[in-house]
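First the proteins, then the strands, lettered A, B, ... as listed; each starts at 1.
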Amino acid sequence: MNRKSKREIFLNGLLYENPLLISALGICSALSMTSKTADAFWAGLTVLFTLVCTNVFLSALKRVIPAQVRIPCSMLIIATFVTVGQLLSKAYLPSMDQSLSDYLPLITANCIILGRGEIFACRNSIVNSAVDGFGCGCGYLAALLATAMLREILGSGTLLGLRVLSTNLDPVPLFIMVPGGLFVIGILMALLKKLLSLSKPVSQNAICSSCPASPHCPRVGKGGCTR
Amino acid sequence: MNGVKNAASSIIVTCTLCLVACMVVTLCFQVTEERITQNEQAKANELRLELLPDADSFTKVDDCDLVQGVTEIYKADNKTGWIITAQARGYQGWVTVMTGIDQSGKITSVKVTDVSAETAGIGTKLTKQDYLDQYRGASSVSSYKGKLNSTYIEAVSGASYTSEAVFNCVSLSFMQVQELIDSEKEAKLYEQKK
């Protein structure tokens with residue numbers, strides 16, 4: 001596997017493999033958590049914490065955990081960190097717990113954490129896995145915030161609870177419902193893809209190297225499966 | 001032989017991880033338990049004080065019959081009123097409402113504490129204080145205009161099921177308070193007779 005600098009790994013998670021807007025992972029939880037910007041911020045932070053901790057542990061235990069039970073063990077580690085995060089937020093950050101009480105347990109089933117563990121942490125060093133978790137967590141947090149800000153402004157006419165739209169303009173409640181969320185995420189996906197293709201064309205090799213099927217795929221080095 | 005070895009190592013690793021996970025969660029729970037209980041009590045008390053500002057502290061009322069739909073009753077220790085929590089069916093699920101009612105039977109404030117089952121952006125309009133302020137000061141409520149000695153409560157357009165659920169919760173609270181007042185009167189009479 002080609003060696004990447006920490007900066008590259010971070011930028012990869014933040015932009016080129018952004019979990020929500022490029023890899024399209026965790027859309028379900030993103031839709032439910034982005035109707036308010038404050039909720040999205042706390043949810044993003046919790047995912048960031050869980051992602052970094054889980055990546056570090058999965059990377060540290062990659063030689064101990066047999067391949068047959070890697071997924072159940074990953075789920076166990078994720079669930080432990082989510083529960084710890086939930087208890088800590090209940091005790092020390094009650095405002096966060098109040099806005100996230102329904103969504104926090106959902107993070108256990110968030111496929112970004114499991115996905116990054118399978119794609120990156122179980123093949124790389126602890127430090128690189130932590131950087132990847134931090135990059136992906138920041139990317140997910142940024143994507144959630146952008147989606148939530150647009151949804152809250154267009155759907156409720158407010159931002160962080162403060163009125164920002166003129167009183168003459170009626171907000172469109174569709175945007176705080178699930179279909180509106182999908183619409184906003186779709187627009188952001190298109191925008192990010194366009195921006196990334198303008199700034200740096202993504203090589204097919206980069207896409208193939210992050211694909212979990214790459215060790216067995218006959219199309220690696222032959223243009224990949226998307227072309 | 002190799003297969004047995006692999007299976008055994010998988011079982012040992014998974015069981016060890018489960019044990020460690022249980023220990024971590026238990027330890028974390030023990031560390032945070034006291035603080036979580038304090039936070040929950042403080043939050044609930046803060047909410048009750050918001051609903052009945054003249055009260056000092058509250059005691060849960062356990063020794064009375066609950067009207068169907070009422071889930072909890074708290075009485076102000078300085079006898080300024082009650083906080084009634086009631087649930088009613090909305091459009092998609094249950095709506096929970098806390099109502100503060102003073103000693104004279106008038107509403108001091110109403111708070112919708114759970115509308116999470118209702119449609120986002122429609123049913124959730126009912127949590128706005130501007131809407132709930134129409135209940136303030138009412139000693140009897142009515143959902144149609146012109147009823148004598150009753151305050152007319154207007155429903156939110158597009159969220160009539162949730163509006164009705166909130167209205168029902170407040171009506172249940174009135175019934176519960178009436179029952180509490182009656183039972184207090186009965187208890188006093190019984191003591192006088194003794």
Val24(B) side chain near Phe81(A) side chain, heavy-atom distance below 4.5 Å: no
Exceeds 12 heavy-atom contacts within 6.0 angstrom, atom CE of Met175(B): no
Part of Val84(A) lying under 4.5 Å from any heavy atom of chain B: both
Reported CD-to-CG distance for the pair Glu40(B) and Asp97(A), which is rounded to 0.5 angstrom: 8.0 Å
Neighbour count >12 (heavy atoms, 6.0 Å) for atom CZ, Phe57(A): no
Max heavy-atom pair count under 4.5 Å with chain A, selected residue of Gln38(B), Arg35(B), Glu33(B), Glu34(B): Arg35(B)
Heavy-atom donor-acceptor pair, Asn39(B) side chain to Lys90(A) backbone, under 3.5 Å: yes
Atom group of Thr83(A) that falls short of 4.5 Å from chain B, counting heavy atoms: side chain
Atom NZ of Lys106(B): over 12 foreign heavy atoms under 6.0 Å: no
Minimum-distance pair of heavy atoms, taken over all atoms of Val31(B) and Tyr92(A): CG1-OH, 4.4 Å
Side chain / backbone / both / neither for Pro72(A) at chain B, heavy atoms under 4.5 Å: neither
Interface residues of residues 9-17 of chain B facing chain A - non-hydrogen atoms under 4.5 Å apart: Ser9(B), Ser10(B), Val13(B), Thr14(B), Leu17(B)
Exercise: identify the closest heavy-atom pair between Leu87(A) and Val25(B): CD1-O, 4.1 Å
Under 4.5 Å from a heavy atom of chain B, the part of Leu174(A) involved: neither
More than 12 heavy atoms of other groups within 6.0 Å of Phe183(A) CZ: no
Residue-level interface, residues 47-60 of chain B with chain A, non-hydrogen cut-off under 4.5 Å: none
Part of Cys18(B) lying under 4.5 Å from any heavy atom of chain A: both
